[in-house]
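Handing you this structure, nothing more for now.
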Amino acid sequence: MTMSTRRGAPPDPGLVLAQQRGYVPRLFQRLSLFHVHVARGRQAIAIACLCATVVQLVVFFVTPIANRFYSGWPRGWLIHLVAVLSAFVGGMWPGLVAEAVGITAIWTKGKYFTPMHPGLEVFALIGLLQIFIIHQLQLAHGAVIGRERALEIARRQADDARRAAQDANRLKDQFLATLSHEMRTPLTVILGYCGMARARGIHPDDHPSVMATIERQALTQLGVVEDLFEVQCLLHGESRLEWDKVNLEAATAAAVEELRGAAEEKKITVVVELAPVTVSGDPASVRQILRKLLSNALKFSPEGARVALSVAGRGDHAVIAIENSGRPIHPEFLPHLFEPFRQGDMSSTRPHGGLGLGLAIVKGLVDLHHGSIEVHSDDTRTCFTVTLPQRTPQQES
Amino acid sequence: MSSARILLVEDHPDTLQLYRTYLALAGFDVTAASNATEALRHLASARFDAISTDLAMPGMDGVEFVRRIRESIQPAVPIIVITGQVRPRTLIQQGLDCCGVLVKPCDLEQVVELLRFLVRECPRRCDVCRHLVSPGS
């Protein structure tokens, strides 16, 4: 079992890269089973090979001495057999050659050379050096590769950081441009009517509608300012929640009533399905969650569409679902949906205004209530589902 | 003398209502459109003495709208742009071919003066009035 887990262990990436790129001569790699196993991450087998190699080296150096005492069958040959096998397993090919020479010497009874021939010691030395040389080569190249990899990783990290900074900067510029536009629009109307009253006069019959327009635009601007403040608080983790019992049924009905005008303007039918559910939370924030989600649904629904809003109890949670038809949310934008300062369409031809803060605020408030929010969007409908616990840690403590 | 015909294009309903009322009070004959497509329909059936347009609008933006008018519909008509975007000079450098750019919120008396000037002077001395840019507010 241990072996199988070891086999699964990742090999040294520098070494693997060295092999893949041919930095370490492949012939050398194959010559040594030890290094083959190291490269493949089989540490135990590699260590076994190393042991076998050491045995072979010891046997090899001992052989000439051994031959002096056990030059005949079977003991001398047994030693040679062990040496040959361990040399094979350890991948000590020069050692094998030395063994071959030694065996031949014994076999020919020293006719051509003796088992104690000085050349054999050279072979043995080469065998010893083999591991050392290959290892050094691999270490050296591994180090080179390691440095290259480290550089590559650092470069990639720097690129990522730069790109993130550029993205953030672009987002900031876009947001400031949008903010400027969103602040200017109501001001245009308010200051426009002021100028008109001063320079041209406003007909008394028009006073009520002009006052209503000015008030509407001032409230729009107030909404922008409040959203900015809210998102600032949420981003800095400042909770301004005052915990109480919130009747979701009443809060939802109030939100629907509040946005009735906006719905009627686009001839949208709001279908409401309410259950008597109470959650623990900040009443103003819960109302804000409901209001923002509903106004979002109305904003992105086409004229004459239908928006469905339901509140239900599920176990110890309350589930609020708001569904609208209309164009689906772009799949690429979905992951950024709840991020502040982002909008699906930031072009000059976007059909809807706004700062791109609404859903970020909703998400932040839902999080503060220990709840969750999910979105599902396909070709036919978009549905936001908010789950709020009926009892929260604040309430229990 | 009959009053000058102005085509007003603005997607924000309250702003459109304000401009329409103001320009009508100033004596212009105003035709209002809430987007560029609707404005192009008006342009197909009537000639205007001047056009005032917003830039950021759903469907077709003001830059494309101005390009289309200049290309074929009424190439010599004076056009002013009233926009919430804050870099009017950049827009003109990028080829927005209009007679003037005003940044919201602008003094509507200034718009009236500019439109009167353009209606009076532009057909004769177009090079003089081109590319007037309000300094912004």
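Letters A, B, ... mirror the listed sequences (proteins, then strands); counts begin at 1.
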Proximity of residues 252-263 of chain A to chain B, residues having a non-hydrogen atom under 4.5 angstrom: none
Got more than 12 heavy atoms from elsewhere within 6.0 Å of CD, B:Q74? yes
Minimum heavy-atom distance between A:V189 and B:L18, given as atom pair plus value: CA-CD2, 3.9 Å
Report, in residue-number order, which members of residues 198-212 of chain A are under 4.5 Å from chain B by heavy-atom distance. A:A199, A:R200, A:G201
Does CZ belonging to A:F229 count more than 12 external heavy atoms closer than 6.0 Å? no
With B:E64, which residues qualify under side chain to side chain donor-acceptor pair (under 3.5 Å), at least two apart? B:R67, B:R68
Residues two or more places apart in sequence or in another chain: which of them pass side chain to side chain donor-acceptor pair (under 3.5 Å) with B:S34? B:E38
Counting only heavy atoms closer than 4.5 Å, note whether A:Q217 contacts chain B via side chain, backbone, both or neither. side chain
Are A:Y193 and B:D14 close enough, and set up right, to give a side-chain contact (heavy atoms from CB on, under 4.5 Å), and what steps lead you there? CA-CA 11 Å; A:Y193 279 116; B:D14 284 344; over 6 Å; no
Find the one option among A:L191, A:I190, A:T188 whose heavy-atom pairs under 4.5 Å with chain B are most numerous. A:T188
Proximity breakdown for B:V112 and chain A, heavy-atom pairs closer than 4.5 Å: side chain
If one checks every heavy atom of A:L187 against chain B at 4.5 Å, the contacting part turns out to be both
Count the heavy atoms of every other residue, nucleotide or ligand shown that sit under 6.0 Å from CD of A:E332, and state whether that count exceeds 12. no
Any side-chain heavy atom of A:M196 within less than 4.5 Å of one from B:L108? no
To check you understand the geometry: which heavy-atom pair defines the closest contact between B:G84 and A:S180, and what is its length? O-OG, 4.1 Å
Toward chain A, the part of B:A36 with a non-hydrogen atom under 4.5 Å: neither
A:E374 atom CD, over 12 foreign heavy atoms within 6.0 Å: no
Does a sphere of radius 6.0 Å around CD in A:E339 hold more than 12 heavy atoms from other residues, nucleotides or ligands, not counting ones at 6.0 Å or beyond? yes
